[in-house]
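Report on the following structure.
We name chains A, B, ... by the order of the sequence lines, and we start the count at 1 in each one.
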Amino acid sequence: MSAKLVDWYDRHRRVLPWRSPPGERADPYHVWLSEIMLQQTTVAAVGPYFRDFLARWPTVAHLAAADLDDVLRAWAGLGYYARARNLHKCARVVAADHGGRFPDDEEGLRQLPGIGAYTAAAIAAIAFDRPAAAVDGNVERVLSRVFTVWEPLPASKPVIRDLAARLVPDRRAGDYTQALFDLGATVCTPRKPRCMLCPWAEFCLARADGVQEQLPAKAAKAEQPTRYGVAFFVTDRDGNVLLRRRKEQGLLGGMMEVPSGDWTAAPADIAAALARAPVGAAPWRTLPGAVRHTFTHFHLHLIVVAGRVDMAPPVPDGVWVPPDRLGAEALPTVMRKVVRHALVHLTGGGASEVG
DNA sequence: GAGGCGTGGCT
DNA sequence: TAGCCAAGCCT
């Protein structure tokens, strides 16, 4: 069964920036970097970031020597920013404690920051050809179907992990692992799987029963709440914009923001919010409309107020940034929306260099 | 173990 | 449109 999948992979393998040519083993640094970026993130989104990182930091030693803020800037827009902080931390550990070489087995990899059970197995298999079972969303979907696992995720994870471990071949474990990813991405897709093209069709119990589109079963998700806030777009006499670094932990940790107050369950009282503005400005102007953004677990509705100060006062964790430099800052997408919203209303449409 | 943690593309 | 989904990790 595993051999059939590897045969299929030899004929249909996708060319991806982090993959080695057939028969060659990939650079562990490339494998690691791509696996971290690919966590909960699409291949299409990762491509440009992977190339940029590799061009800028060609080895793990280069990355270890980088400033964290430069890494955050380069990561801006990719999301799940704890990954970037752990990426940097991991590079430093590998450089300092492992002589610049990644551990070559699952257990050693698992000890590193940002590397969990899945990623440790994926790197062990792909970079070192170890017979490790890398179980991600693709594998869960494929195996749920092939073996008609009706128990909903995530409760079914242990069962699926056992199935996955039994299937990994001793030879060409790396190619087998990537074959499973390709199968999930191009054939055994979440919706409308292309069973006619599947190398495992003859083994698939879901297909035999015609229930492939009903699997994997998943537990119902909770409804997402909406939170409300006010963002302060402050400029000084020279047009510099006030940004502030967020605290290290939690949402958008370590990234820059257009200063905003707490995000609350009820729509913001503008007057009350102004009392907690990061600087004194007069008059504050409430811009029409709002910025909407959806995070993993809530919707955000942000009113933007604009103000100007004559002299740029020091602000805790704040920096005053020239407008043409905003694009290079470590601004997450939601904050780029805020900047764009403000510039559109203040300048009448210009300034699109924010990302 | 369940919830926090981004974003963009697709239907 | 609004929801679903993507090569998960950490606490």
Side-chain angles (χ1 to χ4, degrees), chain A residues 14 16-19 26 30-50 72 75-87 89-90 109-127 132-142 152-158 161 164 174 177-186 188-192 213 216 218-227 246-255 257 263 292-300 330-337 355:
Chain A
R14 291 189 296 170
L16 299 172
W18 42 87
R19 281 193 175 165
H30 299 186
V31 176
W32 165 71
L33 180 60
S34 67
E35 287 300 337
I36 301 300
M37 288 183 167
L38 286 162
Q39 289 168 4
Q40 298 290 284
T41 308
T42 59
V43 165
V46 165
Y49 285 86
F50 178 81
L72 291 178
W75 196 276
L78 200 53
Y80 284 129
Y81 298 99
R83 291 186 296 172
R85 300 194 298 275
N86 283 330
L87 184 85
K89 195 180 303 176
C90 182
L109 290 160
R110 183 67 182 79
Q111 307 306 316
L112 295 168
I115 298 185
Y118 159 76
T119 304
I123 298 173
I126 297 170
V135 181
D136 69 337
N138 282 308
V139 177
E140 287 172 352
R141 180 173 61 256
V142 171
L153 288 166
S156 58
K157 280 173 182 281
R161 192 166 18 251
T177 299
Q178 297 180 88
L180 214 37
F181 298 158
D182 280 8
L183 187 69
T186 66
C188 196
T189 48
R191 279 169 292 194
K192 298 189 184 304
E213 297 204 48
K218 293 194 176 182
K221 287 178 184 173
E223 199 167 315
Q224 294 185 356
T226 297
R227 293 187 196 166
R246 295 173 61 86
K247 62 184 194 305
E248 281 298 313
Q249 294 93 355
L251 186 70
L252 309 178
M255 301 294 285
E257 67 170 355
W263 299 345
R292 292 169 184 281
H293 190 79
T294 297
F295 293 97
T296 308
H297 50 300
F298 67 95
H299 305 287
L300 179 63
L331 282 172
T333 295
V334 60
M335 292 301 160
R336 287 173 196 257
K337 288 185 183 177

**Asked** So, does A:R246 use its side chain to make a donor-acceptor pair with the main chain of A:L251 at under 3.5 Å?
**Response** yes
**Request:** Round to a whole Å and report the spacing from CZ of A:R246 to P of B:dC5.
**Result:** 9 Å
**Asked** Base, backbone or nothing for each nucleotide of nucleotides 5-11 of chain C, written B, S, -, heavy atoms under 4.0 angstrom, 5' to 3'?
**Response** SBBBSS-
**Prompt:** So what does A:V139 hit on the nucleic acid, given a heavy-atom distance under 4.0 Å: a base, only sugar-phosphate, or nothing?
**Reply:** nothing
**Message:** Restricting to side-chain contact (heavy atoms from CB on, under 4.5 Å), what partner residues turn up for A:H297, sequence neighbours left out?
**Reply:** none
**Message:** Are A:M335 and A:M255 packed together at the side-chain level, in the sense that at least one heavy-atom pair is separated by less than 4.5 angstrom?
**Reply:** no
**Prompt:** Is the backbone N or O of A:T186 less than 3.5 Å from a side-chain atom of A:R14, with the two atoms forming a donor-acceptor pair by type?
**Reply:** no
**Interatomic distance at C1', B:dG8 relative to C:dC10, whole Å** = 24 Å
**Nearest-Å distance for atom pair CG/P, residues A:L331 and B:dG6** = 14 Å
**Between B:dA2 and C:dA7 - P atom distance, rounded Å** = 22 Å
**Asked** How close or far is atom C1' of B:dG6 from atom CG of A:L251, stated in whole angstroms?
**Response** 8 Å
**Integer-rounded Å distance: B:dT11 P and A:E213 CD** = 13 Å
**Item:** Short side-chain N/O contact to B:dG6 OP1/OP2 from A:H293, under 4.0 Å
**Value:** no
**Message:** Once side-chain contact (heavy atoms from CB on, under 4.5 Å) is applied, do any residues pair with A:A120, and if so which ones, sequence neighbours excluded?
**Reply:** A:E106, A:L109, A:R110, A:I115
**Request:** Might you point out which heavy atoms bring A:Y118 and A:A134 nearest each other, and give the distance in Å?
**Result:** CE1-CB, 3.7 Å
**Request:** Report yes if a side-chain nitrogen or oxygen of A:H297 is closer than 4.0 Å to either non-bridging phosphate oxygen (OP1 or OP2) of B:dG3; otherwise report no.
**Result:** no
**Asked** Within the structure, does a side-chain N or O atom of A:T294 lie under 4.0 Å from either OP1 or OP2 of C:dA2?
**Response** no
**Fill in**
Separation of B:dC5 atom P from A:R85 atom CZ, nearest Å, is 11 Å
**Request:** Compute whether any side-chain donor of one residue and acceptor of the other, for A:Q39 and A:R83, lie under 3.5 angstrom apart.
**Result:** no
**Request:** Would you kindly give the CD-to-C1' distance between A:E223 and C:dC4, to the nearest whole Å?
**Result:** 15 Å
**Item:** Pairing residues for A:E140 by the salt bridge (charged side-chain N to carboxylate O under 4.0 Å, His left out) criterion, not counting sequence neighbours
**Value:** A:K157
**Item:** Spacing between A:M255 atom CE and B:dG6 atom P, to the nearest angstrom
**Value:** 9 Å
**Item:** Rounded distance in Å between the C1' positions of C:dA6 and B:dC5
**Value:** 15 Å
**Message:** If I pick the C1' atom on B:dG6 and the same atom on C:dC4, what distance separates them, to the nearest angstrom?
**Reply:** 15 Å
**Message:** Test of understanding: with side-chain contact (heavy atoms from CB on, under 4.5 Å), list the residues that count as partners of A:Y49, not counting sequence neighbours.
**Reply:** A:M37, A:L78
**Separation of B:dA2 P from A:K157 NZ (nearest whole Å)** = 12 Å
**Prompt:** Quick one: does A:E213's side chain have a donor or acceptor within less than 3.5 Å of a partner on A:R191's backbone?
**Reply:** no
**Asked** Quick one: stems for DNA chain C, with Watson-Crick or G-U pairs under 3.5 Å, at least three in a row?
**Response** B:2-5 with C:8-11, B:7-11 with C:2-6
**Asked** Base, sugar-phosphate, or nothing: which does A:G253 touch, judged by heavy atoms less than 4.0 Å apart?
**Response** nothing
